[in-house]
Amino acid sequence: MVIGLWRILAGLAAGLVFGLGLSLSGMLDPVRVRGFLDVTGPWDPSLMFVLGGAVTVSALGYLLSRRLPRPVLDERFQIPTNRRIDPALVGGSALFGIGWGLSGFCPGPAVAALSIGGLPVVVFVLAMLAGMAGHAWTTRTDAVVPEPLSSSKAFR
């Protein structure tokens, strides 16, 4: 039970730091994000520093995970093992990029932007959730049943 509480608190702290970073960096402003993505118009390169910081933190975390036997609050590191480039990966990446370019939001900043409100953000998040549910429904298999998040294993 104590480790479960620490996992919840660690997740809350990580989410707060992530949301604060998104807010301070300007990633919650879709106009600014589209300005960064539009390299043929009035390009705003300032988000390149956000990208550089994210890649640096991610690389350091990955390198650290390779040196530790296991994480502090879990049984193993959750690192993807699939290295194939298949149509689902390419199609999903293209869909993500098109949605990001059109709306100026990607999932993390969109959820964080719910805190400042606005109908476009709500519409985007609802559409994103509908897309996630549709994907889960169309790709489900009876052979693999994920363990419910509320199980006792999830909060050890």
Side-chain angles (χ1 to χ4, degrees), residues 7 10-11 13-114 120-151 153-154 156:
R7 286 183 71 177
L16 288 172
V17 169
F18 181 63
L20 180 64
L22 290 172
S23 179
L24 292 175
S25 68
M27 288 289 293
L28 302 186
D29 180 4
V31 173
R32 186 164 181 195
V33 171
R34 282 193 301 267
F36 172 70
L37 295 174
D38 183 10
V39 294
T40 62
W43 186 53
D44 177 4
S46 62
L47 293 181
M48 190 68 72
F49 295 105
V50 177
L51 176 64
V55 169
T56 301
V57 169
S58 179
L60 292 174
Y62 180 75
L63 290 173
L64 182 63
S65 75
R66 309 262 305 161
R67 300 191 189 295
L68 296 175
R70 68 185 237 8
V72 175
L73 299 175
D74 205 347
E75 294 175 10
R76 65 182 180 88
F77 288 102
Q78 308 294 322
I79 297 174
T81 57
N82 183 12
R83 295 178 180 257
R84 291 182 318 131
I85 297 176
D86 58 9
L89 176 66
V90 173
S93 300
L95 188 59
F96 175 88
I98 291 167
W100 192 23
L102 290 174
S103 68
F105 284 118
C106 62
V111 171
L114 284 173
V121 178
V122 173
V123 169
F124 178 87
V125 171
L126 289 175
M128 178 181 70
L129 292 173
M132 292 166 70
H135 176 267
W137 185 74
T138 59
T139 59
R140 69 179 179 195
T141 63
D142 294 332
V144 179
V145 179
E147 188 174 300
L149 186 60
S150 62
S151 74
K153 270 188 173 179
R156 270 195 235 170

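For reference, positions follow the sequence shown, starting with 1.
Formation of a donor-acceptor pair under 3.5 Å by the Trp43 side chain with backbone atoms of Phe36 is found in this model. Of the possible polar contacts, one joining the Thr139 side chain to the His135 backbone as a donor-acceptor pair under 3.5 Å is found. Between the side chain of Arg70 and the backbone N or O of Asp74, at least one donor-acceptor pair lies under 3.5 Å. With Ser93 contributing its side chain and Leu89 its backbone, the two residues share a donor-acceptor pair below 3.5 Å.
Residue-environment remark: CG (Leu126) exceeds the threshold of 12 foreign heavy atoms within 6.0 Å.
With rounding to the nearest 0.5 Å, the separation of CE in Met27 from CZ in Phe18 is 7.5 Å. The distance from atom CG of Leu51 to atom OG1 of Thr56, rounded to the nearest 0.5 Å, is 9.0 Å. Taking CG of Leu22 as the reference point, atom CG of Asp29 lies at 12.5 Å (rounded to 0.5 Å).
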Step-by-step side-chain contact (heavy atoms from CB on, under 4.5 Å) determination, Val125 to Leu129: CA-CA 6 Å; Val125 171; Leu129 292 173; 4.1 Å; yes
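Residues passing the side chain to side chain contact (heavy atoms under 4.5 Å, CB included) test with Ile79, sequence neighbours excluded: Tyr62, Ser65, Phe77.
The minimum heavy-atom distance linking Gln78 with Arg76 is given by the pair NE2-O, 3.4 Å. Across every non-hydrogen atom of Val50 and Ser25, the tightest pair is CG2-CB, 3.3 Å. Across all non-hydrogen atoms, the minimal contact from Gly26 to Val33 is O-CG2, 4.4 Å.
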Acceptor/donor pairs from residues 94-112 side chains to any protein atom, 3.5 angstrom cut, sequence neighbours excluded:
residue, atom, partner, partner atom, Å
Ser103, OG, Gly99, O, 2.7
Ser103, OG, Phe105, N, 3.1
Ser103, OG, Phe105, O, 3.4

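When side chains are defined from C-beta on, Ser46 counts as touching Arg32, because their heavy atoms get closer than 4.5 Å.
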